[in-house]
There are 2 protein chains.
Amino acid sequence: MNIQIAIVEDQDKIRKNLITRLDFFDDINIIFVAENADIALSKLRSLSEKNLPQVILMDIEMPGKTGIEATLEIKSEFPEIDILIQTVFENEEKIFQSIQAGASGYLLKDDPIQKYVDAIQELATGGAALSSSIALKLMSFVKSEQQQKETKAKAAQVEFSLSDREIDILKGIVDDLTEQQLGEQLFISPHTVRTHIKNIYKKLHVHSRASAVRFAITKGLA
Amino acid sequence: MNIQIAIVEDQDKIRKNLITRLDFFDDINIIFVAENADIALSKLRSLSEKNLPQVILMDIEMPGKTGIEATLEIKSEFPEIDILIQTVFENEEKIFQSIQAGASGYLLKDDPIQKYVDAIQELATGGAALSSSIALKLMSFVKSEQQQKETKAKAAQVEFSLSDREIDILKGIVDDLTEQQLGEQLFISPHTVRTHIKNIYKKLHVHSRASAVRFAITKGLA
DNA sequence: TTAAGAATACCCTGATCAGGGTATTCTTTT
DNA sequence: AAAAGAATACCCTGATCAGGGTATTCTTAA
């Protein structure tokens, strides 16, 4: 099948290189090339809907509007166009920003041209495309997103050296139990609960249940 | 470069199919094949460290231990082995579980064999490999993960119909201000603060600052 | 235009909390 | 054997909170 694409890239050399290498593939038609985001946008606006590119190859580092800003704008005006970000740097921050902005893929500039072609084809058929190192970063993000919560809790406990018993008490505070109720639940005197709470406050440098709850939840101890 | 792999797959047909198709590639050596997780584990244990496979192709749907459980076990015993999950279903839940368990890649069984080879090579060189539809799911997860946080806060405010002023008060509670302090900060009488707090409690069905803080933070209002 | 909601303000009372002590027992570490 | 930390328990006092009212003003929506 034939895929219409556009290229947005400020550097002459890279742009020309891309064109010649992609031109080699018969099923990929480069319908326009722009050297910055604004030119790209005005070209897009001048096209009739049925002549729009399906995929835009977008450089991330550009003078003026960055590829991320351009992606945001293009996606809001032309949501059906898939954007394939290309960059030389594996900057984690930028990767997430691009995804946020609505990019459908992320390639590194030293990926072989076949990768580009594969990626373009996958985007055109409704998938996403990621360089393997980018995929790795994404996966570790997803992985840590969960694990961090678990690991973090123990780290916080160690950092503030709360004892196991104090964690019990802290959880009770988060659950909004009175000293009385906590005592009953843990089979200790409410006086003891009070003592524990005082010690917890000292360790966490807080002076109220409200801030203890805030601490516990934000540190993942709840 | 030569890559040593192993295959864990319960279905005879698929297993044989994989073997013949992968055998075609000279730089991929299948050093063993197992029909379930336990057999795979014992084979791994019988090998000396330098003869371990670099990559294991793991079916996710298997009788007995699932591919996810197997991945967890293998990764804890042999962390340096990369695991490439393969499945027929694009089950979101399973994808995340696999990543959690430590898988380095995720393929669909109808991906062409070249994808398998590419994926194996990328894993062997330290990257990750994802089918394009899986990549898409991952990206939307990452995307929504951020956006949800923003959207959620307003949704919660609407859901519990807290007024803007009540949100001010709620934030003060999270910041551990007394009624007195809150009054000074918002230029209103502490009595008024009290009234607002009572109304907030009624709307949120809570009866203390601690639970209000918990609510505010977990709903993203803080 | 009338009702409802939001923001303001005040009163009262009992409950709970916060912070200050002190003390005993047990385990663990030095 | 001594010191330190953790868990237990009790006392006291002033501060703050929670929940129950009532009331006025203003805006917005029915």
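Every chain is numbered from 1 and lettered A, B, ... according to where its sequence line falls, protein lines coming before strand lines.
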B:Ser163 side-chain proximity, nearest of C:dA6, D:dA9, C:dC10: C:dA6

Got a sec: does the CD of A:Glu80 have more than 12 other heavy atoms crowding it under 6.0 Å? yes

Criterion side chain to side chain contact (heavy atoms under 4.5 Å, CB included) on A:Glu77 and A:Leu41, from CA distance to verdict: CA-CA 9 Å; A:Glu77 265 188 75; A:Leu41 268 165; 3.9 Å; yes

Can you measure A:His196 atom NE2 to D:dG5 atom P for me and round it to whole angstrom units? 16 Å

Answer yes when A:Asp168 and A:Arg165 have at least one side-chain N-carboxylate O distance shorter than 4.0 Å, and no when they do not. yes

When rounded to whole Å, the CD1 to P distance for the pair B:Ile169 and C:dA9 reads 11 Å

Between B:Asp175 and B:Leu177, is there a donor-acceptor pair closer than 3.5 Å when you use the side chain of the first and the backbone of the second? no

Do B:Asn91 and B:Gln97 have side-chain N/O donor and acceptor atoms under 3.5 Å apart? no

Quick one: A:Asp168 CG to D:dT8 C1', roughly how many Å, whole number? 14 Å

Between B:Asp59 and B:Arg15, is there a salt bridge with N-O shorter than 4.0 Å? no

Could you give me the CA-CA distance, side-chain angles and deciding distance for B:Lys137 and B:Ile95, then say whether side chain to side chain contact (heavy atoms under 4.5 Å, CB included) is met? CA-CA 9 Å; B:Lys137 285 212 164 63; B:Ile95 296 170; 3.9 Å; yes

When you check the phosphate oxygens OP1 and OP2 of C:dC10, does a side-chain N or O of B:His191 lie under 4.0 Å from one of them? yes

Work out how much the helix from C:dT1-D:dA30 to C:dT30-D:dA1 bends between its end axes, five pairs an end, to the nearest 10 degrees. 60°

Heavy-atom check, side chain of A:His205 versus side chain of A:Phe215, under 4.5 Å: no

Per-nt protein contacts along nucleotides 14-30 of chain D (heavy atom under 4.0 Å; B base, S backbone sugar-phosphate only, - none) come out as ---SBBBB---------

For A:Lys203 and D:dA4, give me the distance from atom NZ to atom P, rounded to whole Å. 16 Å

Which is true for B:Thr192 with a 4.0 Å heavy-atom rule: it touches a base, it touches only sugar-phosphate, or it touches nothing? base

If you take all heavy atoms of B:Asp176 and A:Ser211, which pair is closest and at what distance? OD2-OG, 3.0 Å

Integer-rounded Å distance: C:dT8 P and B:Glu166 CD: 10 Å

